[in-house]
Amino acid sequence: MLAAPARLLLSRCCVSALPADKVRYSERRLEAAHFPPMAASSPEEESPVGRMVADPVSLCEWQAWGSSSTVPSLVVDVIDDLRDLERDLDAHMNFGGHGGKLRGPLKIPEDKKRRTLFQSLTDSEQKIQYFAARQIAHRMLGSRGYLCQRCWLAKEDCMCSRVVPCSLWNGIRFWLYMHPKDFLRQNNTGKLLWQLFGTQSVSLCIFGIHEHEEMMWDAFRSSGKEKIWFLYPSKSAAPKLVQDIFFNSSYSNLDGQMTDSKDQPLNFVLIDGTWSNSAAMYRRLKDQWMTLWEEEEPPSISIATSNVSVMHKLRPQPSWDRTCTAAAAAGLLSELHHFHPELCEHSLDKQAEAVEDTLEVLLDALTKRRLRKGRSITRKERKMVSLR
């Protein structure tokens, strides 16, 4: 069972009691262990510098970003403390630049309180949860009024009108296990899945957010381990291929609906983060799997096909055989259709095509944005620029 989040109130910390250099060293060790350094922020992460209203986050606002959970308690705490800091210093918070980072008069005081609180936490689980909550709170506040809540693009580049919603076969449920630093990234592709299929078929689960992780593991306990698959190329155990997945008779002879009310959909977990961060995310999944079912390796599958995602043109990958989250989902659906004739009537190939079409829409929106801002749109040109 994942530890419940402690109530973390920044305003209760004593800044003067902590040597700053020791706090930074402690933070660097934790981030190195659980959050490996990311590649340089892409231009798509920028947000304009400006004053943001630190109103409380309502359930409606939180779920409009793609979540189906209640507002995480630690995210509420972080925002409340920012509001207290605004009041105490008689200043307004400002966000801007890559990742929508806090700027202006609150930046240094908030950073000192953050380091103080971080040092006061007693175990790594609390630190992970706080790290995630702070990332989510800052990104959400910094994106208010700037990003579209459905497609996570700047409102001037919104692609929502070009996305054609599609129904995912109800025998499948996707879980998007997202790194906090990928939340609200404009070039993130995992978000396309719930924009296309809806949050009833695609659930967002953010690494380190207690409410999300509990919701996911509760669903797994209900479905049973036989109906859970992790789409991840595990190095410690040979992952199975899509054709190795077993479908019992309840999944055939369907007219779009389950024949047995006791049947649960197959749960597919997609790890949505950089390749460097995905290793830590997978370790966390493995640890929880071991706690629940006393098995060292969760059931992992790999996609046999190696079609290059269209997003590879804009978003760098470590190698050409690796792909983005949405393209991986499309590949999975396509292979389920191809390797399991009993599922052909559910049009999984058409659903895969819908994902690929939506990827094209995202690529077009990001390309037009880069051209409008005078930026390079090819991997080769951007690499040459970075080397100058």
Side-chain angles (χ1 to χ4, degrees), residues 44-48 50-80 82-83 93 95-96 99-100 102 132-168 173-216 219 270 272-273 325-326 329 354-355 358 361-362 365-366 369:
E44 282 71 42
E45 287 188 271
E46 292 182 5
S47 62
R51 173 180 169 183
M52 299 296 169
V53 179
D55 291 337
V57 176
S58 67
L59 179 63
C60 181
E61 179 186 0
W62 171 244
Q63 294 187 344
W65 291 114
S67 174
S68 56
S69 75
T70 58
V71 184
S73 59
L74 291 189
V75 172
V76 173
D77 286 346
V78 172
I79 294 175
D80 285 346
L82 283 171
R83 299 177 68 209
M93 68 178 70
F95 293 86
L102 184 64
R134 182 175 178 273
Q135 282 284 329
I136 300 308
H138 283 222
R139 287 170 177 263
M140 191 160 45
L141 290 178
S143 300
R144 274 180 171 173
Y146 172 60
L147 295 185
C148 169
Q149 289 186 282
R150 285 185 55 79
C151 67
W152 296 3
L153 297 183
K155 288 185 175 181
E156 60 186 342
D157 303 307
C158 178
M159 56 177 269
C160 293
S161 63
R162 301 173 59 192
V163 175
V164 180
C166 176
S167 295
L168 181 67
R173 184 178 184 183
F174 283 128
W175 291 89
L176 198 66
Y177 194 48
M178 181 179 290
H179 192 277
K181 287 188 175 181
D182 267 78
F183 183 65
L184 301 188
R185 285 188 69 179
Q186 296 189 53
N187 62 0
N188 176 275
T189 66
K191 65 188 177 187
L192 301 178
L193 297 178
W194 70 72
Q195 188 177 11
L196 185 63
F197 297 128
T199 55
Q200 296 300 316
S201 299
V202 183
S203 297
L204 173 64
C205 178
I206 300 176
F207 178 104
I209 297 298
H210 176 76
E211 289 81 354
H212 277 189
E213 293 182 319
E214 276 296 290
M215 179 176 66
M216 181 175 72
L270 307 172
D272 192 26
T325 305
V355 176
T358 309
V361 173
L362 175 61
L366 294 175
R369 176 178 178 82

Check your understanding: Would you say Leu362 and Lys191 make side-chain contact, with heavy atoms under 4.5 Å?
Key -> yes
Revision key, fill the gap. Here the gap from Thr199 atom OG1 to Phe174 atom CZ, rounded to the nearest 0.5 Å, amounts to 15.0 Å
Exercise for review: Starting at SG of Cys160, measure out to CD of Gln149 and round the result to the nearest 0.5 Å.
Suggested key: 10.5 Å
Check your understanding: Do other residues, nucleotides or ligands put more than 12 heavy atoms under 6.0 Å from Glu61 CD?
Key -> yes
**Study point:** side chain to side chain contact (heavy atoms under 4.5 Å, CB included) evaluation trace for Gln195 with Cys151
**Key:** CA-CA 7 Å; Gln195 188 177 11; Cys151 67; 3.6 Å; yes
Study note, to complete from the structure: The reported gap from CG in Leu196 to OG in Ser167 (rounded to nearest 0.5 angstrom) is 9.5 Å
Review point. Is there a side-chain contact between His212 and Met178 (heavy atoms, below 4.5 Å)?
Key: no
Review point. Taking the six-membered ring for Trp, are Trp152 and Phe183 ring centroids under 6.0 Å apart?
Key: yes
Point to revise | CG-CZ distance between Leu147 and Arg185, expressed to the nearest 0.5 angstrom | key: 12.5 Å
Practice item. Verify whether one side chain among Ser69 and Trp62 offers a donor that lies under 3.5 Å from an acceptor in the other. Key: yes
Exercise for review: Would you give the length of the straight line joining atom CG of Leu176 to atom CG of Leu192, rounded to the nearest 0.5 angstrom?
Suggested key: 10.0 Å
Point to revise | Within-4.5 Å side-chain heavy-atom neighbours: Trp65 and Ser143 | key: yes
Exercise for review: Mark yes or no for whether Lys181, through its side chain, and Gly273, through its backbone, hold a donor-acceptor pair below 3.5 Å.
Suggested key: no
Point to revise | Within-4.5 Å side-chain heavy-atom neighbours: Val57 and Arg144 | key: yes
Review point. So, the side chain of Lys155 versus the backbone of Cys148: is there a donor-acceptor pair under 3.5 Å, distance only?
Key: no
**Study point:** Heavy-atom closest contact (Gln186 atom, Ala154 atom, distance)
**Key:** OE1-N, 3.1 Å
Exercise for review: May I ask you to test the Cys158-Arg150 pair for a side-chain heavy-atom distance under 4.5 Å?
Suggested key: no
Point to revise | Glu211 side chain near Ser67 side chain, heavy-atom distance below 4.5 Å | key: no
Review point. So which heavy atom on Ala365 is nearest to which on Met159, and how close?
Key: CB-CB, 4.5 Å
Practice item. Please name the pair of heavy atoms, one in Ala326 and one in Val355, separated by the smallest distance, quoted to 0.1 Å. Key: O-CG1, 3.3 Å
**Study point:** Spatial distance of atom CG (Asn187) from atom CG (Leu153) [nearest 0.5 Å]
**Key:** 9.5 Å
Check your understanding: Would a distance-only check, ignoring hydrogens and angles, find a side-chain to backbone donor-acceptor pair under 3.5 Å from Arg134 to Val78?
Key -> no
Check your understanding: Mind checking whether Tyr177 and Phe207 have parallel, tilted or perpendicular rings, split at 30° and 60°?
Key -> tilted
Review point. Is there a donor-acceptor pair closer than 3.5 Å between any side-chain N or O of Glu213 and the backbone N or O of Cys205?
Key: no
**Study point:** Considering all heavy atoms, the nearest Leu102-Met93 contact
**Key:** CD1-CB, 3.9 Å
Exercise for review: Taking all non-hydrogen atoms of both residues into account, name the closest pair between Ala219 and Trp175 and its distance.
Suggested key: CB-CZ2, 3.5 Å
Point to revise | Asp182 vs Ile206 side-chain heavy atoms within contact, under 4.5 Å | key: no
Exercise for review: Grab the two heavy atoms, one from Pro72 and one from Ile209, that are nearest each other, plus how far apart they are.
Suggested key: CG-CG2, 3.6 Å
Check your understanding: Quick one: does Met140's side chain get under 4.5 Å of Val75's, heavy atoms only?
Key -> yes
